> 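Attaching a single structure in structure tokens format; questions to follow.
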Amino acid sequence: MPKTQLDQSWFNVLSDEFDQPYMRDLKAFLLKQKQQGKVIYPPGDNIFNALNSTPFDKVKVVILGQDPYHGPNQAHGLCFSVNKGVAVPPSLKNIYKELHQDVNFTIPNHGSLQAWANQGVLLLNSVLTVNQGQAASHQGKGWEIFTDKIIFELNQMHSHVVYMLWGAYAQNKGARIDESKNLVLKSAHPSPLSAYRGFIGCKHFSQCNNYLKANYKPSIDWQIDSHSIDNN
């Protein structure tokens, strides 16, 4: 994961992290996994896709996830999103369901959220890599420190950002976000295990756009279709 792959606007605020001991340990861990023949998702050029798709000064919305998907061809560096041509995961199906109820969203036939990222929605997982077939296999190896720094810098430097924190994990991760200068929306996770305990019906997407408009920012066009998606 060479730092040169990182968008310049993010590199300006995160460059010091690459020299920290935790990052050296993380690099060593990833190298060892590869040497052991482990397949790591997403592919190397997509590890920083969330940051590269949504430059630091363009972030309007942050959606926090946990880990990349660990099945073949699924993960491409955006939380909850999968490559086109891959079955839409259950949590994303529920996100689509809520969008349909909330903003009359037409449900697409794919699960790529690249169009959101291109508009300023930072789709950030807490952990940026995973081993094939092993959920959470890279937790506790250093990525959480790196992504905490991302949230810290956004909170320090930006205001009127909408944070969508779905489930206890995301809410703990975003616990220090300044709610006096940002909109922090919280609900249950969209997983089938919890979606009907507060995610379905949360109306986060309409609340987000109302807040952005009230603060003189362009709203997000949540609608996605096969014509508006880059096939990353």
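Keep in mind that this is a model prediction, so the values were computed, not measured.
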> Among Phe29, Trp143, Tyr41, find the one that has a ring-ring contact (aromatic ring centres under 6.0 Å, His included) with His138.
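Going through the options one by one, the only one that passes is Phe29.
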
> Taking atom CD1 of Ile95 and atom SG of Cys202, what is their separation to the nearest 0.5 Å?
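Spacing of CD1 (Ile95) from SG (Cys202) equals 9.5 Å.
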
> Kindly say whether Ala75 contributes a backbone atom to a donor-acceptor pair with the side chain of Asn46 at under 3.5 angstrom?
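The answer is no, because no donor-acceptor pair under 3.5 Å joins these two groups.
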
> State whether a side-chain donor-acceptor pair under 3.5 Å links Asn131 with Gln33.
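Yes, Gln33 and Asn131 have a side-chain donor paired with an acceptor closer than 3.5 Å.
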
> Salt-bridged, Lys149 to Glu144, with N to O below 4.0 Å?
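Not counted as a salt bridge, because no side-chain N and carboxylate O are separated by less than 4.0 Å.
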
> Please report the C-alpha distance between Leu64 and Asn125 in whole Å, then the side-chain angles of each, then the deciding distance to 0.1 Å, and finally whether the side chain to side chain contact (heavy atoms under 4.5 Å, CB included) criterion is met.
CA-CA 6 Å; Leu64 291 181; Asn125 275 317; over 6 Å; no

> Do Gln8 and Asn12 get their side chains close enough for a donor-acceptor pair, meaning under 3.5 Å?
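Short answer, yes.
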
> Quick check: closest heavy atoms across Gly44 and Gln5, and the distance to 0.1 Å?
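Closest approach of Gly44 to Gln5: O-OE1, 3.3 Å.
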
> In the structure I gave you, are the side-chain heavy atoms of Lys141 and Asp25 within less than 4.5 Å of one another anywhere?
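The answer is no, as the side chains (C-beta and beyond) never meet within the 4.5 Å cut-off.
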
> Just so I know, are the side chains of Val82 and Pro89 near enough to count as touching, which here means a heavy-atom distance under 4.5 Å?
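Heavy-atom side-chain distance check passes, below 4.5 Å.
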
> Show your reasoning for whether side chain to side chain contact (heavy atoms under 4.5 Å, CB included) applies to Phe146 and Tyr22.
CA-CA 9 Å; Phe146 184 72; Tyr22 82 85; 3.6 Å; yes

> Would Leu128 and Val39 show up in the same hydrophobic cluster when neighbours are defined by side-chain heavy atoms closer than 4.5 Å?
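Not linked; separate clusters.
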
> Partners of Lys93 by salt bridge (charged side-chain N to carboxylate O under 4.0 Å, His left out), sequence neighbours excluded?
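None.
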
> Is there side-chain contact between Leu51 and Phe56, with at least one heavy-atom pair below 4.5 Å?
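Not touching, per the 4.5 Å side-chain cut-off.
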
> When you compare the side chain of Cys79 with that of Ser126, does any pair of heavy atoms fall below 4.5 Å?
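No, too far: nothing below the 4.5 Å cut-off.
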
> Using only atom types and a distance under 3.5 Å, with no angle test, would you say the side chain of Lys217 pairs donor to acceptor with the backbone of Asn209?
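Between the backbone of Asn209 and the side chain of Lys217 there is no qualifying donor-acceptor contact (under 3.5 Å).
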
> Would you check, one step at a time, whether the test side chain to side chain contact (heavy atoms under 4.5 Å, CB included) holds for Gln207 with His204?
CA-CA 5 Å; Gln207 288 184 66; His204 281 184; 4.0 Å; yes

> Quick one: does Ser81's side chain have a donor or acceptor within less than 3.5 Å of a partner on Leu78's backbone?
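Looks like no, no N/O pair under 3.5 Å.
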
> For the backbone of His100 and the side chain of Asn104, can you confirm whether one donor and one acceptor N or O come within less than 3.5 Å of each other?
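Absent.
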
> Look at the side-chain heavy atoms of Ile, Leu, Val, Met, Phe, Trp and Tyr, link any pair under 4.5 Å apart, and say whether Leu92 and Ile107 land in one connected group.
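Shared cluster, yes.
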
> For His70, which residues count as a side chain to side chain contact (heavy atoms under 4.5 Å, CB included) partner, sequence neighbours excluded?
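In terms of side chain to side chain contact (heavy atoms under 4.5 Å, CB included), with neighbours along the sequence ignored, His70 is linked to Val130, Ala135.
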
> Measuring from Leu165:CG to Asn172:CG, what's the distance to the nearest 0.5 Å?
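Between Leu165 CG and Asn172 CG, I get 10.0 Å after rounding to 0.5 Å.
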
> Between Tyr216 and His160, is the ring centre distance below 6.0 Å?
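Not close enough - the centres of the two rings lie 6.0 Å or further apart.
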
> Using the rule given for side chain to side chain contact (heavy atoms under 4.5 Å, CB included), can you reason through Ile224 versus His110, listing the C-alpha separation, both sets of side-chain angles and the distance that settles it, and then say yes or no?
CA-CA 9 Å; Ile224 54 177; His110 63 82; 4.2 Å; yes

> For the backbone of Ile220 and the side chain of Lys60, can you confirm whether one donor and one acceptor N or O come within less than 3.5 Å of each other?
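A pair under 3.5 Å: no.
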
> At what distance, to the nearest 0.5 angstrom, does CG of Asp178 lie from OG of Ser159?
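Going from CG on Asp178 over to OG on Ser159, the span is 9.5 Å.
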
> Would you say Ile151 and Met157 are hydrophobically clustered, going by side-chain heavy atoms of ILVMFWY under 4.5 Å?
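Same cluster.
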
> Are any non-hydrogen side-chain atoms of Ile200 and Gln101 less than 4.5 angstrom apart?
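Answer yes - side chains close enough.
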
> For Val184, is there any backbone N or O sitting under 3.5 Å from a side-chain donor or acceptor partner on Asn182?
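No, because the side chain of Asn182 does not come within donor-acceptor range (under 3.5 Å) of the backbone of Val184.
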
> Could you tell me whether Lys58 atom NZ has more than 12 heavy atoms of other residues or ligands within 6.0 Å of it?
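No, not enclosed.
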
> Taking side chain to side chain contact (heavy atoms under 4.5 Å, CB included) as the criterion, tell me which of Val62, Val59, Val61, Leu124 meets it with Thr54.
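Between Thr54 and the candidates, side chain to side chain contact (heavy atoms under 4.5 Å, CB included) is satisfied uniquely by Val59.
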
> Leu183 versus Leu185: any side-chain heavy-atom pair under 4.5 Å?
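Yes, their side chains come closer than 4.5 Å.
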
> At what distance, to the nearest 0.5 angstrom, does CG of Asn52 lie from CH2 of Trp10?
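So the gap between those two atoms works out to 10.5 Å.
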
> Can you tell if the side chain of Leu122 reaches within under 4.5 Å of the side chain of Leu154, non-hydrogen atoms only?
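They are in side-chain contact.
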
> Check for a donor-acceptor pair, side chain of Trp116 on one end and backbone N or O of Val121 on the other, with a separation under 3.5 Å.
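Not at all, since once roles are kept as given, no pair shorter than 3.5 Å links the two residues.
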
> How long is the span from the CD atom in Gln134 to the CD atom in Gln139, to the nearest 0.5 Å?
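Output value for this atom pair is 12.5 Å.
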
> Decide if atom CG of Asn73 counts as having more than 12 heavy atoms of other residues, nucleotides or ligands within a radius under 6.0 Å.
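Atom CG in Asn73 is not packed in, count stays at 12 or less.
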
> Going by heavy atoms in the side chains, are Leu6 and Phe18 under 4.5 Å from each other?
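A side-chain contact exists here, since the closest heavy-atom pair is under 4.5 Å.
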
> Whether the side chain of Glu17 engages the backbone of Met23 through a donor-acceptor N/O pair (distance < 3.5 Å, no angle test) should be reported.
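No; zero donor-acceptor contacts below 3.5 Å.
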
> Got a second to check how far Asp102's CG is from Phe205's CZ, nearest 0.5 Å?
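Nearest 0.5 Å value for the CG-CZ distance: 7.5 Å.
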
> Could you walk me through whether Asp148 and Lys173 satisfy the salt bridge (Lys or Arg N to Asp or Glu O under 4.0 Å) test, starting with their C-alpha distance in whole Å, then the side-chain angles of each, then the deciding distance to 0.1 Å, before giving a yes or no?
CA-CA 7 Å; Asp148 280 347; Lys173 181 104 177 149; 2.7 Å; yes

> Is a side-chain donor or acceptor of Gln114 paired with a backbone partner of Ser53 at a separation under 3.5 angstrom?
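Checked: no pair found.
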
> Less than 6.0 angstrom separating the ring centers of His76 and Tyr69, yes or no?
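No: the rings miss the under 6.0 Å criterion.
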
> If we check ring-ring contact (aromatic ring centres under 6.0 Å, His included) with His189, which of these qualifies: Trp166, Phe199, Phe80, Tyr169?
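So, applying the ring-ring contact (aromatic ring centres under 6.0 Å, His included) to His189 and each of Trp166, Phe199, Phe80, Tyr169, only Phe80 qualifies.
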
> Measure from the side-chain N and O atoms of Asn94 to the backbone N and O of Pro190, and report whether any donor-acceptor pair falls under 3.5 Å.
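Checked: pair present.
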
